[in-house]
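Only one structure is covered here, and it is reproduced in the block below.
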Amino acid sequence: MFISKTIKSDLVTVTPEMARKLLEQNTRNRNVSKANYSKVLEAMSAGEWELNGEAIKIARDGTLLDGQHRCLVSAENNIPFQTLVVYGLPVETQDTMDTGKSRGPSDVLAINWYKQTADLASITTGIIRAERWGLRAATYQGATAYSVTAKQVLARVEEEPSLVDLVGKSRALRKAGLTAKIAGILYYEFSKIDQLDADAFFEKLESGEGLQRNDPILTLRESLIRLKTSVKGTAGSGYIAALVIKAWNKYRAGESVSLLRYTPGGANPEKFPEPI
C-alpha cells in the first residue's frame, strides 16, 4: 500500500483498518506524545478534523514517515479521517519534517485579529477545562492531558465576547500576586455564582483598600505577596488557586480568617476546594 519509486499524492479517507496497516510500517518515528495524541483525539472526536494540506508522508518502501498520531487515534478509536497522502519520499526526508511550530490557540486568536492573545487563550482554555474536568484540572500546571483545541478556543471567544474584557480585569490582578490565567478562570467561575460579589472580591484584592485584619481578602493578599517573595520561589498555580477559592468561600460566608493554607499532598492530602 502506497509503495512507489516516484513521489505522488492522493486525497484519501483513511479508515481505521488502513491506519493500522500504516502503523505496521511505523518503524523509525519519534516517541508518541500523550499531549499531541490527546489534541488529535479531541479534534477528531468533536468532528473538527479538517483537511488543511498537512499530509501523511510515506517513504518509497512504505515506511510511515509522518502521521503516526493521526493513525494511532484512528486505529485505536475507530475514527476514519480524510487527509492528503504523499508517498514515494526518500526515507531521509523525515529528518526535515515537523521542524516548524504548530499553531496553538494564541496563534489562531491572533490570526483572527484578537489582542493579548496569550492571556485570552490561556483563560479561555482554562474555562473550558473547568467545565469539562473541574477547576483543579483547569488551574494546575502541566494540564496538557486535558486537551482543548485551538478551534474550540476560538469558537468560545466568538460565542462569548465578554471573555475579551475579562483579560483586562485579570491582568490588573498581577500586582496582587495572581497570574492573568488564574485570575481570569476564577473571576469567571465566581461570577457565575454571584457577579456583584465577584466584582467586589477582586476589586478589593487588587486595591487592598479598606480591609480590616482577618478579612479573608486581606489574608489572601498577604499570603500571595508572601508566596511571591518566598525564597522557595513562586508557588504552583493550583496551590494559589486553592487559596483564592478558600478566601472566596470565607468572604461569601462572612467569616474572618487569619491564615489560609492548602495541603495537596502528604499522608492526608486535602481535596481541592470548590467555590460556593
Side-chain angles (χ1 to χ4, degrees), residues 35 38-52 101-141 143-207 217 220 224 237-238 240-242 244-245 247-249 251-252 274-276:
S38 296
K39 289 179 181 178
V40 175
L41 176 59
E42 178 67 27
M44 285 189 177
S45 299
E48 296 177 353
W49 192 259
E50 295 181 345
L51 185 65
N52 63 1
K101 181 179 180 293
S102 62
R103 291 189 179 95
S106 179
D107 302 310
V108 171
L109 288 170
I111 290 169
N112 286 272
W113 306 103
Y114 288 98
K115 305 297 183 183
Q116 299 175 326
T117 57
D119 288 334
L120 180 58
S122 65
I123 291 170
T124 307
T125 298
I127 289 170
I128 296 172
R129 281 179 176 156
E131 290 170 349
R132 295 181 182 178
W133 299 291
L135 274 172
R136 188 182 188 282
T139 56
Y140 263 84
Q141 294 170 330
T144 53
Y146 305 103
S147 182
V148 176
T149 68
K151 187 172 182 178
Q152 289 167 347
V153 170
L154 176 61
R156 183 59 176 264
V157 173
E158 290 177 337
E159 174 188 324
E160 201 168 347
S162 59
L163 293 175
V164 175
D165 298 326
L166 182 60
V167 173
K169 295 179 180 179
S170 304
R171 289 166 68 93
L173 286 157
R174 287 175 173 171
K175 61 184 179 182
L178 288 180
T179 63
K181 172 186 173 180
I182 297 303
I185 294 169
L186 295 182
Y187 209 133
Y188 186 89
E189 293 297 320
F190 295 174
S191 295
K192 291 194 300 184
I193 296 170
D194 190 301
Q195 182 68 63
L196 292 177
D197 273 359
D199 288 339
F201 179 86
F202 284 108
E203 285 171 7
K204 292 177 180 179
L205 180 61
E206 179 189 349
S207 69
I217 299 176
L220 173 63
L224 293 176
S237 57
I240 289 175
V244 178
I245 294 170
W248 163 261
N249 289 347
Y251 170 76
R252 290 270 293 162
E274 292 291 331
I276 58 174

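The aromatic rings of F201 and F190 stand perpendicular to each other, their planes meeting at an angle above 60°, with 30° marking the opposite boundary.
Without hydrogens or angle criteria, D107 side chain to G104 main chain gives a donor-acceptor distance under 3.5 Å. Between the side chain of T139 and the backbone N or O of S237, no donor-acceptor pair lies under 3.5 Å. Although no hydrogens or angles enter the test, the distance criterion places a donor-acceptor pair under 3.5 Å between the side chain of W248 and the main chain of I276. Checking side-chain atoms of R129 against main-chain N and O of Y146 turns up a donor-acceptor pair under 3.5 Å.
Residue A138 comes nearest to A130 through the heavy atom pair CB-N, 3.6 Å, listed as atom of the first residue, atom of the second, then distance. The minimum heavy-atom distance between D197 and R252, with the atom names listed, is OD2-NH1, 2.8 Å. Closest non-hydrogen pair, N249 versus E274, comes out as ND2-O, 3.0 Å. Of all non-hydrogen atoms in A121 and S106, the two that sit nearest each other are CB-N, 3.7 Å. Annotation for K181 and I123: closest pair CA-CG1, 3.8 Å, computed over non-hydrogen atoms. For A200 against Y251, the heavy-atom pair with the smallest separation is CB-OH, 3.5 Å.
Separation of atoms OG1 (T149) and CG (L41) is listed at 11.5 Å; rounding is to 0.5 Å. The line from CD of E189 to CD1 of I185 is 8.5 Å long, rounded to the nearest 0.5 Å. With values rounded to the nearest 0.5 angstrom, E206 atom CD is found 12.0 Å from I217 atom CD1. Considering CZ of R132 and CD of Q152, their distance stands at 4.5 Å, rounded to 0.5 Å. How far CG of L120 is from CZ of R171: 10.5 Å, rounded to the nearest 0.5 Å. Note that CG of L163 and CD1 of I127 are 5.0 Å apart. Values are rounded to the nearest 0.5 Å.
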>> For I245 and L135: C-alpha separation, side-chain torsions, deciding distance, then whether side chain to side chain contact (heavy atoms under 4.5 Å, CB included) applies.
In response: CA-CA 10 Å; I245 294 170; L135 274 172; 4.0 Å; yes

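You'll find the side chain of P105 stays beyond 4.5 Å of the side chain of V148, heavy atoms only. At a threshold of 4.5 Å between non-hydrogen side-chain atoms, the residues I240 and T179 do not count as touching. Residues K169 and Y187 are in side-chain contact: their nearest non-hydrogen atoms beyond the backbone lie under 4.5 Å apart. L186 is not listed as a side-chain neighbour of L178, based on a closest heavy-atom distance of 4.5 Å or more. Between L166 and Y188 the shortest side-chain heavy-atom distance falls below 4.5 Å.
With sequence neighbours excluded, the residues satisfying side chain to side chain donor-acceptor pair (under 3.5 Å) with S191 are Q195.
Salt-bridge check for K39 with E42: failed, with every basic side-chain N at 4.0 Å or more from each acidic carboxylate O.
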